[in-house]
Amino acid sequence: MEIPKTYDPETIENKWYAQWLDKGYFKSSPDERTPFTILMPPPNVTGVLHMGHALNHTIQDVLIRQERMKGKNAMWLPGIDHASIATEAKVVALLKEQGINKNDLTRDEFLAHAWEWKNKYGGIILDQLKKLGASCDWDRTTFTMDNQYYKSVIMVFNDLYDKGFIYKGIQMVNWDPLAKTAVSDEEVIFKDANSVLYYVKYYLTDGEDYISIATTRPETIPGDVAICVNPNDERYKHLIGKTVIVPLIHREVPIISDLGIDIEFGTGALKVTPAHDRYDFELGKKYNLQVIDVFTSDGKMSEKAGIFVGEDRFKARKLAADQLESEGVLIKKEQIQNNIGYSERTNSVIEPKLSEQWFCNMQKLAIPALEAVMSDEVEFYPAKYKNVYRHWMENIRDWCISRQLWWGQRIPVWYFSNGQYVVALNEEEALAKAKLLVENDNLTLSDLRQDDDVLDTWFSSWLWPIATLNGILEPNNKEINYYYPSDTLVTGPDIIFFWVARMITSGLEYRKEEPFYDVYFTGIVRDSKGRKMSKQLGNSPDLLDLIKKFGADSVRFGVLVSSPAGNDLLFDEKLCEQGANFANKIWNAFRLVRGWELNGAIKHKSSRFNLKPVEWFSNKLKHALHEIDDYIEEYKLSEALTSIYKLIWDDFCSTYLEMIKPENDLGMDQVTYEATITFFEKLVALLHPFMPFLTEEIWHLLRERTDDDFCIIAPYPKPEEKADQIILGKSSRIIEAITGVRNIRNESNISPKMALDLFIRSDDEMLFRQWEPIITKMANITNIDFVKIQVTGAKSFTVKTDTFYVPITVEIDPETERIKLSDELDYTKGFLRTVMAKLANQRFIDNARPDVLDKEMQKKADAEARIIMLEQSLKELQQ
RNA sequence: GGGGGCUUAGCUCAGCUGGUUCAGAGCAUCUGCCUUACAAGCAGAGGGUCAUAGGUUCGAAUCCUAUAGCCCCCACCA
């Protein structure tokens, strides 16, 4: 067998992905094993793969692969969200390009276009995820408008209506004039804005006096129905009850009073426009005022405005300002800072608008969902989001669930011409219910009209954990009973309210059990300058390009290595490069190790090195497995990966392989070789969830494998026995000694090629004898001797209580040697003093834990021994 | 306006219930090496009064209080 010199990701990735699929390793069905389930947050059908997805799905894949290797029945369910408003906007725009206006289409015609679009573009994103190595059970791919899913949503609507949670009402909603639909509070993004505050005179009906009003929205003046002041405001007290003339339209309106008015703000007098402001609407209700909606649904001035009819709201603002000026009622303009709400989807300015919508009352439903998180039944990583969650759930408001769109689950409500309605699962049931309602058996479907609106996308997404497993329609089916609750939800904190909170809510309502045990919140992916990645900035690299350039394993490494849970990830291509370097390193280590057998270098039965390196690395590995396991338990994946990285690069390659690597033609022995292959196998398995392709490749090349022996299903290395600290401690003395010699070479400019002698002064000669062949090889030493006294004409260094002398021809300054020793002595003495102080402190003795106390005792002993050694050396030097 | 978080080497970050093996890692920098696995590499090195000021303590990066700066979330101030 010939091992290629370089690792070629692309062909190898395609090869193994195909084989994994072929072997069905991603598939899962209920059996006697413990399940481990992850439900993929379904990307929008309109979505394009970006770095955020890469991070998110890499994390999910790491978790799934780990648990699969640990023997659980791992199931990762992928899917796509129909993304009602986002998709509809896209389809409308596309049709517009083709010269088709949505308004000219029937509902069915439009939906046909939408489905066509979905079938063409939807799911591209999932195919792209395959390139990344995602090990989803693709047979389970679910779309939120699949037949069964659709029915589940309708069923839940019916159920919540029957239970009295869902109701229809006229309320102030957030209106998106571009999409011409209501949106929920969560879909409104508030941004700071510089606005103009207009001060306007409202003249009293009788007399020359006026009251001045401050407003940022003069175009809504035609909707004014009153002026409101604080009853305690001395300036206006005498005017309450009088009437003023509204500018522009010259209507007479009353001056009323309410304690809610802020005397300090603006002029202290508020123009009341119930149709266009939440607060004003409340005032309007309280004082029974008229509602005049001055806008049309697309944000133009309406007939009711009576002025600037048909003009866009922003144009109208300017026109209104101009006219106020020409009427002589504009007092002044002032620049102010305020918040303006934008639609999350269309980015148009949200208009508070009074309209009739469907709402879901969340207060009662939220109670158990709040409790589940506060009690850690659902555990948040990081925990800081618990507070955010609690605050929202404690102040939860009714959820506006209807949207004036066509793409989505159509609201299952059927109306009579008189406005009466029935809520039903389908037309047949609607008709039956209707007949009962009006006691008329001759009623036909044509007497009924279904609600035109669809449901908020999130009203379907919130059922994801249940509906994907058909748990709504068949609550007792085998699948949902087996897989629910899922284990970990991996998502961004930006949708904690939209989605996470609501899934917990619906899960507890419909399964009486939380939908997932853990929620892992990822951070936002930013560029290396800390800017959020966005299309506009063009700072988001194309994932597929990155994979092409570095390989999927390297990209996975890059996004994982610096992304602790909940913290933003500052992504830099360099991280992928580091990943690629790592892959290359592993590949070359593999070539070295495997080469020994393939090139016939295995010449001996037993180890020249007394198996010391094997003993050392096996303990190093034990130690690392515990560390890595702890990190994974806490979802510290980047830390875990870093640990594996160091274990492989530093400990395995730089140290272990260098130790056992045969110099000259001395050859390798069978025992060490076998041990090394076994180590390599464990390392590769350990790394597999993070870098699946490279590891699968090496897995198959390390040994002959049977047909079903794949790394993807190999047992994950478990932390079992603890590492032997004594062995690790002794070995580190050896390694430090080698480093010490190398250091002397460096600072004295001695080539690594020039062999040196080494004198060791130690009370543990045995140890150094055992390691002698390794020390001589790694530090390029000709001969090691043991001494009892100072060696002159040599550079020295100390490790713990051992002193090492390297005789060199380069000039040695005794003074420098003396200073070195005396500095170390001072430091050690100081160190001992602090230890002694602690041990002399009764409160410390009383309060410290026994292990802390033991450590201090050990420190004391070590320091004392070292001081004796240093003092002795120093004395000899001065003689 | 309310709430939460952050401030540790040039950069990105680890540092749990306070105890000189905690002052760390990776990247970057510097020095020397094309040593037959790897220059996508090897061997070394330098670099931080742990934001500031107090306090608690025998002892604080770690706990408390203020201050400054940055970030996020929530909120109907016209």
Side-chain angles (χ1 to χ4, degrees), chain A residues 3 5-7 172 190 197 213-217 220 228 260-262 264-273 277-282 336 338-339 341 352 382 384-388 390-392 395 493-494 496-497 524 528 530 561-564 566-570 572 574-575 577-578 580-595 630 634 636 638-639 642-643 645-646 653-654 657-658 661 663 729 732 738-739 742-747 749-753 778 780 827 830-831 834-835 837-838 840-844 847-849 852-853 855-856 858-859 862-863:
Chain A
I3 305 171
K5 267 225 147 100
T6 52
Y7 173 70
M172 199 53 112
F190 283 94
L197 190 59
I213 304 293
T215 180
T216 52
R217 307 208 50 196
T220 65
C228 191
I261 303 300
D262 184 353
E264 304 298 319
F265 189 87
T267 64
L270 172 72
K271 74 184 196 62
V272 184
T273 323
D277 185 282
R278 273 172 199 271
Y279 185 75
D280 290 12
F281 175 67
E282 293 305 318
I336 60 152
N338 63 350
N339 281 337
K384 65 179 175 184
Y385 289 110
K386 277 169 78 171
N387 274 324
V388 179
R390 189 189 61 201
H391 184 260
W392 192 73
N395 298 288
D494 50 331
I496 185 168
F497 306 135
I524 298 165
S528 55
V561 79
S562 66
S563 57
N567 276 19
D568 290 355
L569 158 68
L570 269 66
D572 195 323
K574 276 191 134 173
L575 296 170
E577 199 182 319
Q578 196 187 338
N581 291 351
F582 186 39
N584 178 253
K585 183 74 185 176
I586 296 168
W587 183 251
N588 277 293
F590 162 71
R591 285 208 302 136
L592 172 71
V593 171
R594 197 71 182 104
D630 289 346
E634 297 171 70
K636 293 185 173 175
S638 68
E639 310 270 347
T642 304
S643 275
Y645 178 84
K646 283 192 280 195
C653 293
S654 295
L657 290 182
E658 290 301 329
K661 192 160 85 175
E663 70 272 39
S732 80
I738 293 165
T739 301
R742 286 171 172 174
N743 198 358
I744 284 177
R745 283 182 192 281
N746 254 301
E747 65 192 26
N749 270 321
I750 299 170
S751 160
K753 284 178 193 156
M778 291 179 76
N780 194 11
Y827 176 84
F831 175 72
T834 65
V835 176
K838 254 187 267 183
N841 184 327
Q842 194 55 42
R843 291 183 63 182
F844 175 74
N847 299 328
R849 287 198 316 265
V852 173
L853 209 59
K855 267 190 195 170
E856 294 303 314
Q858 187 58 48
K859 279 186 204 165
D862 288 351

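Per chain, numbering begins at 1; letters A, B, ... match sequence-line order.
Proximity of A/Lys636 to the phosphate of B/rG15: a side-chain N or O atom is located under 4.0 Å from OP1 or OP2. Taking 4.0 angstrom as the limit, A/Lys661 places a side-chain polar atom (N or O) nearer than this to OP1 or OP2 of B/rA37.
Note on ring orientation: taking the six-membered ring where Trp is involved, the planes of A/Trp587 and A/Tyr7 are tilted (angle from 30° to 60°).
Separation of the C1' atoms belonging to B/rU20 and B/rG2 is 43 Å when rounded to the nearest angstrom. When the P atom is used for both B/rA9 and B/rG26, the distance is 16 Å, rounded to whole Å. Distance noted for atom P between B/rU17 and B/rU12: 25 Å (whole Å). Taking the P atom of each, B/rC34 and B/rA39 are spaced 14 Å apart, rounded to whole Å. Taking atom P on both B/rG5 and B/rU65, the two are 12 Å apart, rounded to the nearest angstrom. Taking the P atom of each, B/rU36 and B/rU31 are spaced 24 Å apart, rounded to whole Å. One C1' atom belongs to B/rA53, the other to B/rG69, and the distance between them is 15 Å to the nearest Å. B/rC63 sits 28 Å from B/rG1 when the P atoms are compared, rounded to a whole Å.
Residue A/Asn743 is in sugar-phosphate contact alone, with no base atom involved, counting any heavy-atom pair closer than 4.0 Å across all strands shown. In this structure, A/Asp277 reaches neither bases nor backbone, as no heavy-atom distance under 4.0 Å exists between it and the strands shown. At the heavy-atom level, A/Tyr7 lies nowhere under 4.0 Å from the strands shown. Across all strands, A/Thr739 comes closer than 4.0 Å only to sugar-phosphate atoms, never to a base (heavy-atom distances). Nucleic acid contact class of A/Ser654 (heavy atoms, under 4.0 Å, all strands): sugar-phosphate only. A/Phe190 comes within contact range of no nucleotide atom at all, as no heavy-atom separation falls under 4.0 Å.
At distances below 3.5 Å, at least one donor-acceptor pair connects side-chain atoms of A/Asn588 with backbone N or O atoms of A/Asn584.
Residue A/Lys574 places no side-chain atom within donor-acceptor reach of the base of B/rC27, judged by atom type and a 3.5 Å distance cut-off alone. For a distance-only test at 3.5 Å, the side chain of A/Glu658 qualifies as a donor-acceptor partner of the base of B/rA37.
Side-chain atoms of A/Lys585 lie closest to B/rA37 of the nucleotides B/rC27, B/rA37, B/rG5. For A/Leu570, taking side-chain heavy atoms from C-beta onward, the closest of the listed nucleotides B/rC13, B/rC38, B/rG26 is B/rC13. When the nucleotides B/rG4, B/rA37, B/rC27 are ranked by their closest atom to the side chain of A/Ala589, B/rA37 comes out on top. Nearest to the side chain of A/Asp262, among B/rC74, B/rA43, B/rC77, sits B/rC77. Checking B/rG26, B/rC73, B/rG4 against every side-chain atom of A/Tyr645, the shortest atom distance belongs to B/rG26. Nearest nucleotide to the side chain of A/Asn338, out of B/rA78, B/rG26, B/rG15: B/rA78. Nearest to the side chain of A/Cys653, among B/rC73, B/rA37, B/rA78, sits B/rA37. Nearest nucleotide to the A/Asn581 side chain, out of B/rA78, B/rC27, B/rA40: B/rA40. Relative to the side chain of A/Arg742, the nucleotides B/rC27, B/rA43, B/rC73 differ in distance, and B/rA43 lies closest.
Residue A/Met778 contributes atom CE, which lies 13 Å from atom C1' of B/rU35 at whole-angstrom precision. With rounding to whole Å, A/Ile738 atom CD1 is found 21 Å from B/rU35 atom P. Distance NZ (A/Lys646) to P (B/rA14): 14 Å, rounded to an integer number of Å. Rounded to whole Å, atom P of B/rC34 lies 5 Å from atom NZ of A/Lys753. The distance from atom CG of A/Asn588 to atom P of B/rA40 is 11 Å, rounded to the nearest whole Å. Taking atom CD1 of residue A/Ile744 and atom C1' of nucleotide B/rA43, one finds them 14 Å apart after rounding to whole Å. Here B/rA39 presents its P atom at 14 Å from CD of A/Glu577, a figure rounded to the nearest Å. Rounded to an integer number of Å, the gap from A/Arg390 CZ to B/rC73 C1' is 13 Å.
Looking only at side-chain heavy atoms (C-beta outward), A/Asn338 and A/Leu197 stay at 4.5 Å or farther from each other. Between A/Arg217 and A/Asp277 there is no side-chain heavy-atom pair separated by less than 4.5 Å.
Toward the 5′ end of RNA chain B lies the nearest nucleotide of A/Glu639, the other residue of the pair A/Glu639 and A/Lys271 mapping further downstream.
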With both pairing distances under 3.5 angstrom for Watson-Crick or G-U wobble, and | for a partner in another strand, the correct string for RNA chain B is (((((((..((((..........)))).(((((.......))))).....(((((.......))))))))))))....
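To the nearest 0.5 Å, atom NZ of residue A/Lys585 and atom OG of residue A/Ser654 are 5.0 Å apart. We find the CD1-CG distance between A/Ile524 and A/Leu569 to be 11.0 Å, quoted to the nearest 0.5 Å.
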